Amino acid sequence: MATFRRFEEIEAWQNARQLVRSIYEITEKGKFARDFGLRDQIRRAAVSVMANIAEGFERGGNKEFTQFLSVAKASCGEVRSHMYVALDLNYLDPPSFETLAGLAIETSSKISALIRYLQSSRMKGEKFAHRS
């Protein structure tokens, strides 16, 4: 796995950013836009994925980064769960649901891979050596 100098270089963060854009696009239309509770909750969960990856990266070391990645991964699950509500209420059509769910699952998988990498790293618990 490559080393990162900035969180913007992390593929999981890039995927999370795409997920946020997609969630915001889909929730600003139709019935979804008028269901303020669900709309705001799914948006917050999506933003949480992106934010926790960034915040964890900026923390003290791999152990803290891993903890924040775990929160980000959990937020991916929250996004997917809210998407089922939206699907059941016909706010999302099945193809849109599949596309968004696929993106959330891909993001979650990339986060999992990064967690595994950090847990097996010989620099476990240390600040990334490549950071400034």
Side-chain angles (χ1 to χ4, degrees):
M1 186 168 284
T3 58
F4 317 111
R5 296 193 193 290
R6 300 174 20 209
F7 67 80
E8 293 92 342
E9 298 171 0
I10 300 170
E11 281 186 48
W13 183 86
Q14 293 167 2
N15 270 64
R17 184 178 179 199
Q18 184 179 352
L19 180 63
V20 169
R21 274 193 311 265
S22 297
I23 291 295
Y24 268 77
E25 284 175 15
I26 202 83
T27 60
E28 66 186 14
K29 300 173 191 161
K31 292 186 215 175
F32 215 149
R34 293 185 299 277
D35 187 333
F36 303 115
L38 182 60
R39 181 199 67 195
D40 293 347
Q41 189 64 32
I42 196 170
R43 285 177 172 185
R44 280 193 299 273
V47 169
S48 175
V49 177
M50 197 173 146
N52 276 289
I53 295 169
E55 187 174 351
F57 179 80
E58 297 293 337
R59 289 291 179 139
N62 290 355
K63 187 174 180 182
E64 282 185 292
F65 190 15
T66 300
Q67 291 171 334
F68 277 83
L69 290 171
S70 294
V71 173
K73 186 171 172 16
S75 292
C76 276
E78 183 181 352
V79 169
R80 286 186 19 239
S81 181
H82 294 318
M83 286 171 37
Y84 279 100
V85 174
L87 178 67
D88 293 346
L89 294 173
N90 295 313
Y91 296 174
L92 284 176
D93 58 34
S96 296
F97 173 86
E98 290 301 324
T99 299
L100 286 171
L103 184 54
I105 290 167
E106 180 183 350
T107 303
S108 183
S109 295
K110 288 187 182 206
I111 293 168
S112 291
L114 185 52
I115 289 170
R116 284 191 303 275
Y117 170 75
L118 292 172
Q119 289 174 336
S120 68
S121 171
R122 58 188 166 82
M123 293 175 53
K124 207 178 293 185
E126 298 177 24
K127 189 78 170 170
F128 282 64
H130 60 277
R131 306 256 318 273
S132 52

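Fair warning: this is a prediction, and the values are worked out from it, not measured in the lab.
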Minimum heavy-atom separation for Met50 and Arg17, please, with both atom names.
SD-CA, 3.5 Å

Nearest 0.5 Å, please: how far is CG in Leu114 from CZ in Phe4?
5.0 Å

What pairs with Phe32 under ring pair (Phe, Tyr, Trp, His ring centres under 6.0 Å), at least two apart in sequence or on another chain?
Tyr91

Value for CG (Leu19) from CD1 (Ile42), rounded to nearest 0.5 Å, stands at 8.0 Å

Could you see if Phe57 belongs to whatever hydrophobic cluster contains Val71? Use Ile, Leu, Val, Met, Phe, Trp, Tyr and a side-chain cutoff under 4.5 Å.
no

When you measure from the side chain of Ser81 to the backbone N and O of Gly77, does any donor-acceptor pair fall under 3.5 Å?
no

Flag, side chain of Ser108 to backbone of Ala104, donor-acceptor distance under 3.5 Å:
no

Cluster question for you: counting only ILVMFWY and a side-chain heavy-atom cut-off of under 4.5 Å, with indirect links fine, are Tyr24 and Val49 together?
yes

Separation between CD1 of Ile105 and OG of Ser112, rounded to the nearest 0.5 Å:
11.5 Å

So if you build clusters from Ile, Leu, Val, Met, Phe, Trp, Tyr with side-chain heavy-atom gaps below 4.5 Å, do Phe68 and Val47 land together?
no

Transitively linked via ILVMFWY side-chain contacts under 4.5 Å: Leu92 with Leu103?
yes

So how far is it from Leu100 CG to Glu25 CD, rounded to the nearest 0.5 Å?
9.5 Å

Does a side-chain heavy-atom distance below 4.5 Å link Lys110 with Gln14?
no

Counting C-beta onward and ignoring hydrogens, is there a side-chain heavy-atom pair between Leu69 and Asn52 closer than 4.5 Å?
no

Using modelled atom types and a 3.5 Å cut-off, is there a donor and acceptor pairing between side-chain atoms of Arg34 and backbone atoms of Gly30?
yes

Under a 4.5 Å cut-off applied to non-hydrogen side-chain atoms, are Glu28 and Arg43 in contact?
yes

Are Val20 and Met83 connected in the hydrophobic side-chain network, where two residues link if heavy atoms are under 4.5 Å apart?
no

Counting N and O atoms only, with roles assigned by atom type, does the side chain of Arg59 sit under 3.5 Å from a partner on the main chain of Phe65, one being a donor and the other an acceptor?
no

Going by atom types alone, do Arg116 and Gln119 pair a side-chain donor with an acceptor below 3.5 Å?
no

Might you confirm whether atom CD of Glu11 has over 12 heavy atoms from other residues, nucleotides or ligands at distances under 6.0 Å?
no

For residues Ala46 and Ile23, report the shortest heavy-atom separation together with the two atoms involved.
CB-CG1, 4.1 Å

Please name the pair of heavy atoms, one in Ser48 and one in Ser75, separated by the smallest distance, quoted to 0.1 Å.
OG-OG, 2.9 Å

Going by salt bridge (charged side-chain N to carboxylate O under 4.0 Å, His left out), name the residues that satisfy it together with Glu8, two or more places apart in sequence or in a different chain.
Arg6

